[in-house]
Structure formats: structure tokens, C-alpha cells
2 protein chains.
Amino acid sequence: MPGILTAIQEQMDTMNRKEKEIAAYVLAHAQNIVHMGITELSQQSGGSTATISRFCKQFHFSGFTEFKLKLAAELALEPAAQSYQDIVAGNPLPSIVSAMEANHVRSITDTTRMLDMKQLHKAIEALKSARQIDLYGVATSGLVAQDFYQKLVRIGKRAVTFSDPHMQVTSASNLTDRDVAIGISYSGETAETIAALKCAAENGATTISLTKFGANTLTSLASISLFTSTLEEGMRRGDMASRIAQLHVIDILFVGLVSEQFDDLVPRLENSFQMVKKYR
Amino acid sequence: MPGILTAIQEQMDTMNRKEKEIAAYVLAHAQNIVHMGITELSQQSGGSTATISRFCKQFHFSGFTEFKLKLAAELALEPAAQSYQDIVAGNPLPSIVSAMEANHVRSITDTTRMLDMKQLHKAIEALKSARQIDLYGVATSGLVAQDFYQKLVRIGKRAVTFSDPHMQVTSASNLTDRDVAIGISYSGETAETIAALKCAAENGATTISLTKFGANTLTSLASISLFTSTLEEGMRRGDMASRIAQLHVIDILFVGLVSEQFDDLVPRLENSFQMVKKYR
DNA sequence: CATAGATTAGAAAATAATTTTCAAAAACAA
DNA sequence: TTGTTTTTGAAAATTATTTTCTAATCTATG
């Protein structure tokens, strides 16, 4: 049970009274909600329509209707697709391989279903007009940042990424409102990344977060929020699947960026490949 | 492929003019419709909202909203196992997203089908008993090398990776027959990576290659060959999907390594997470 | 344990989305 | 052609959702 329902469960602690009531009802009756309107749900769950509407926005849906739509898509998958599989001691190789396959595929499809086209579009527009792009991330997410950095450089976009936290903040402090900063962290609670994105925001840069689905500190600092699917609690080494999902989102951003400026950028891409071949 | 879309197709004959127009649009843009309202769809498809509402009732839905909901559920189920899709100029965002999903998923499943369990097992055994592990790769493959490096460090394996080609060769020249070198390159023809792996082989190290499927220089230098799926010819920006496939193989290697030494290594993994939390 | 300030919640107003009605246009039959 | 039926979309009616605004509740502090 990945995705939305997991995210709701995880954030139950941080909710206030009525939100918890609603969350509890949603978790218990997920299947039914798909066939309800907001009015019916408000009667059943004991919260007003206003509170439910706000509840949905907490989870970064545009509103109740989108929440319902994404939930329907998620529930449709449940019985069919393989769920995330944990890796345990002494598994024979073939079962490791198929578990890995299931986890990675699931991670990509779940993340895709969760993507908010509007946020994605806003992110691409922001990148398109950015003078300078800063990418923040440490450890695994740092590699994702570097991956995007390599891509951006190939199309001639000014971009930087640092593994050193001090350099991240230093770079962030030089951004302006014409710039974009992207903070990547699966949990959304990585101190270094938070510090850098906060600094970028304070300097007026457009801030984009890429974290697991749900509310977290990094997301709260970002003007545009992008999400990857949430892995089940207790899933060992979730960072493998989450990194694949992050790269998936990065690829979409990049292709979106390239596609909108296709005629301008593709020759540059081809050119950068040719140049590397020639001058190495 | 049962469900709504098939039903629409079947009943196309018995429809009247405008309904056919709408049906054609729905079939061609099913993915997008999920993100539209009835008003937007009416503009796009060239039928009025009234006609669309009636269209939905023809199919025994209570209305447009239910139609959209069921369609979303159906599309979620559709195992995005289509074939590789090329990205072309000015694609709308939803089709970029689904093309990306199809490519990445396909890349993982194809690579899995292609995996040779014997080679995989040999690779894991080699890594298990390695004194030192050298990882070679440039550009995108360099990030894959770094990813593996980060993982190996976490379980206390001695490993190195360099982006500088001179350092790669320097490091390779210090390897012995107790060591393992892994060369990563999608084409298998990257000069720097070839040079480094060749040097490692000459010094007696066990050599592992990770390239696209088929014969190539890097593979010919390796005592153990691992492959990722080959992308269709003409596929633009194949390095996105290939990088996902490479990481997939790396993850399998890593989990295989951890699994075989589970009781020994897992505490180390947990410990490294705790230490990072504590001392950052 | 009062009280100022902040947060939360719901009623009702405002807005947005969808469906129905109804009149006009198109298709069809004689 | 002409009368009849069917199809269509503009606009009205309905329904659903979101926002606003005020009251209630909670929280921190003297």
C-alpha cells in the first residue's frame, strides 16, 4: 500500500483533531470514497466540506477532485501489480533479481501516477527562464543533483551543484529572483539541503523541492513541490528505489525543458556529443 | 485490453457525427483527458459540453466525472509496457510523462530478462572476496560508478572511483589479483574506461564490464560481463533509460553482496545511517 | 487561572463544474 | 420540397467545490 494512503498514515501524528478524524475515515474506507462527493464524505467522516477541501490541499492536491482521481488510480493498481518487496537474509539470487525489478518498476509507476502536471509545468517554465540553476542534495540525492547538472550543462544552461554544504549555502546566497534552486532529499528533512534551499528562497530565487510524497520541511520552503512515491514503512534500503524515482522525475523535467525549446536545444545536444567525441 | 477504450472503439460505428469526433479524440488522448475538465475537453475535441455529457451517459456512466474516474483507474492498470517511445518536438507534457514511464519501465524489465544469473553470481563472488574495488566510468556512467562507490563505502568495502582519466589508470596500475575492477560504459567503447580496465586486467585484477548487450571492446577486456538492454535504434537521449538500467544492475549486485553476507553487513549499514545522523 | 494571540472549524457566500432544457440546425424520409 | 425526427450547442439550472469570514478552541504566558 504505497503512495497516498501511506503518506496519510505517516502524517497522522502531525495532524490536528478534525484532520485526524478525516484521515482515519479515508484510511478505513478508501474504496468507498472514490464513489463519494465531498458533501457525502463530510457527512460520513464528521468534518465539514471546508475541512476536507483543506485536508486535500495539505497533500498538495489541487483539491478534492484531484485527490479522488489519484486515489482511484492507486486503488486500481493494488490487487494487480506486485507490491514492494523487502530484501531479507540469504535470499537466492533469482528472488533478489525479481524483487529488485518489482521495486524499481513500482517506484517508477507510482511516482508517475503521483505527478502533478501543473507543478511540473511550473517547474519547467521556471527552469526555462532561469539565468542560473542551483542544485542541492547530499549522498544519494547528491548524485541525482549531479545527474541533472550534467544534463543542464549539455544544453548550455548555467547550473552548479556542490557536495560541500558550505559551498551550497555560499552559492545560494548569490542567487537572485531570476534564478532557480532545486533541493533534492528523499525524506525532505536533510539539514544541509534545507539550509541551502532556505537561503536561496530568502534571496528571492524560485525554489523547487523534490522529496517523497507528503508534507516535509523542504517542501514547505519550496514555491514548487515535486514528489516521488512513498515507500512502505520498514522497507529496507528504500534509497535504491527512491533514487530511481528521483531520476525519473529529473528526466521528465529535462525532456520537458528540451521539448519546449526543441529547435533551439537539440542541435546543442547533438553538438555537445560531437565535441566530446572530437576533443577527448 | 478490455474496458472503456475498447468499448468506445467497438461502438464507433453506431455513433453519430459529433460523438465520433469526441470518441476519436478520447482514444487518441486518453492519458490527457484525466487531467481535463469537461470544458477543456469540449474545446479540444470540438464538441460542446452538453454533447460530451451525453456521450458519457451512452456508456452508462453517471456522468463525465465518473467516466474520468473509471478511465483513470483503467489507465493506471494498463501495464505501461508499451514499446520504447521517442521524444519529439513540442510534445505535450502528459505524453512526455507517459513516454518516459514506458521507456524506464521497459528498460528495467528488458534488462532483467537479459541478466545472466551465472555471470551475476560470479560478479558477486568476486566482489565479496575483493580486497579493493576500482570503479571506472565517465559522464553518465561516472555517476553510476559513484553510486556504487557510495554503497560499497557504507558496508565498509574498500572502493574508489575517479572522474579524472589519469587517476583511473593510476589507480588501476596499483591493483593486484586480489582486487576487482568494474568498467561501466553504455556503448562499451569509451576510450578512458577501456584504458583503465585494460590496465587493471594487465595487473591481474578480476575485471567486470557493464555495457549494453552485444559485443564491444569493454566486454572483450572483462572476465565477467554484465549487460543492460539495448535501446531501439534512433532512440533519442537513450542515456536516460540506460542509466536507469545500469543502476538497476548495480542495485542487484549490491543487494546480492549484502544478502550473502547478511548478518555481517546489515548491522554495518544500519550503523552507518545512525552515525551520519549523529555526527553531521 | 485569566487573557492575548494563534490556530482550527464550520456556516454561508462565492466560484467553478456539470447537467439539463430548449430552440435551432442538420439529417432523413416520403 | 416539405414535414418529421434527430442531433447539437447556448444558456439556464443544478450540483459540487472552494473561499471567506466569524466563532470557537486551543496555547502560551503573565
Side-chain angles (χ1 to χ4, degrees), chain A residues 4 8 11-27 29-30 32-73 116-119 121-122 214-217 219-221 225, chain B residues 4 8 11-26 29-30 32-73 94:
Chain A
I4 300 165
I8 292 176
Q11 288 176 218
M12 278 275 253
D13 323 326
T14 67
M15 291 178 190
N16 46 41
R17 198 169 54 81
K18 278 286 160 184
E19 280 180 340
K20 251 182 216 162
E21 266 183 57
I22 294 166
Y25 187 88
V26 169
L27 289 173
H29 305 86
N32 307 354
I33 285 162
V34 174
H35 310 293
M36 293 181 187
I38 197 172
T39 317
E40 197 181 345
L41 177 57
S42 88
Q43 287 157 358
Q44 298 287 322
S45 70
S48 69
T49 60
T51 307
I52 292 171
S53 180
R54 281 187 290 252
F55 175 85
C56 296
K57 297 202 168 166
Q58 296 264 301
F59 288 93
H60 303 277
F61 296 107
S62 70
F64 176 71
T65 311
E66 195 193 323
F67 167 73
K68 213 167 63 173
L69 207 79
K70 292 277 166 69
L71 192 64
D116 182 332
M117 293 295 160
K118 286 196 199 92
Q119 295 286 306
H121 189 259
K122 274 169 69 181
N216 57 64
T217 309
T219 294
S220 69
L221 294 169
S225 304
Chain B
I4 302 163
I8 293 176
Q11 294 187 36
M12 276 273 252
D13 323 326
T14 68
M15 292 178 189
N16 46 41
R17 197 169 54 83
K18 278 285 161 186
E19 279 180 341
K20 251 181 216 164
E21 265 183 56
I22 293 166
Y25 187 89
V26 169
H29 304 87
N32 306 10
I33 285 161
V34 174
H35 310 290
M36 293 182 187
I38 197 171
T39 317
E40 195 180 347
L41 178 57
S42 87
Q43 287 157 359
Q44 298 286 323
S45 68
S48 68
T49 60
T51 307
I52 292 170
S53 180
R54 281 187 290 254
F55 174 87
C56 295
K57 297 201 168 167
Q58 297 265 302
F59 290 94
H60 304 283
F61 295 109
S62 70
F64 176 71
T65 311
E66 195 193 326
F67 168 72
K68 212 168 65 171
L69 208 76
K70 292 278 164 68
L71 191 64

| Nearest-nucleotide comparison on DNA chain C, the residue closer to the 5′ end among Arg54(A) and Met36(B) | Arg54(A)
| How is Ser42(B) classified with respect to the nucleic acid when contacts are heavy atoms under 4.0 Å: base, sugar-phosphate, or nothing? | nothing
| Between dA17(C) atom P and Glu66(B) atom CD, what is the distance in whole Å? | 20 Å
| Side chain of Ala50(A) - closest among dT18(C), dT21(C), dT19(D) | dT19(D)
| said: Looking at Ser225(A), is its backbone amide N or carbonyl O close enough to the side chain of Lys122(A) to form a donor-acceptor pair, meaning the two atoms are under 3.5 Å apart? | reply: no
| note | Among dA9(C), dT18(D), dT8(D), the one nearest any side-chain atom of Ser53(A) is dT18(D)
| query | Between dT7(D), dG10(C), dT18(C), which one does the side chain of Thr51(A) approach most closely? | reply | dG10(C)
| Quick one: does Glu66(B)'s side chain have a donor or acceptor within less than 3.5 Å of a partner on Ser62(B)'s backbone? | yes
| Phosphate OP1/OP2 of dG10(C): any Lys18(A) side-chain N/O under 4.0 Å | yes
| note | Taken to the nearest whole Å, CD/Glu19(A) to P/dC26(D) is 15 Å
| For the pair made of CE in Met15(B) and C1' in dT6(D), what is the distance, rounded to whole Å? | 17 Å
| message | If we ignore hydrogens and angles and just use 3.5 Å, is the side chain of Lys18(A) paired with the main-chain N or O of Gly46(A) as donor and acceptor? | response | yes
| Criterion side chain to side chain contact (heavy atoms under 4.5 Å, CB included) on His60(A) and Thr219(A), from CA distance to verdict | CA-CA 10 Å; His60(A) 303 277; Thr219(A) 294; 3.3 Å; yes
| query | Within the side chain of Ser42(B), is there an N or O that forms a donor-acceptor pair under 3.5 Å with the backbone of Thr39(B)? | reply | yes
| task | Specify the separation, in whole Å, of atom CD of Glu21(B) and atom P of dT7(D). | result | 15 Å
| query | Just how far, in rounded Å, is P of dT17(D) from CD1 of Ile52(A)? | reply | 10 Å
| note | Of the listed dT18(C), dT8(D), dT18(D), the closest approach to the Arg17(B) side chain comes from dT8(D)
| request: Between dG9(D), dA9(C), dT20(C), spot the one nearest the side chain of Ser48(B), thanks. | output: dG9(D)
| note | Rounded to whole Å, the NZ-P distance (Lys57(A) to dT8(C)) equals 17 Å
| request: Report the distance from atom NZ of Lys20(A) to atom P of dA9(C), rounded to the nearest whole Å. | output: 11 Å
| field | Protein-nucleotide distance (Ile38(B), atom CD1; dT15(D), atom P), rounded to Å | value | 16 Å
| field | Distance below 4.0 Å between Asn16(A) side-chain N/O and dC26(D) OP1 or OP2 | value | no
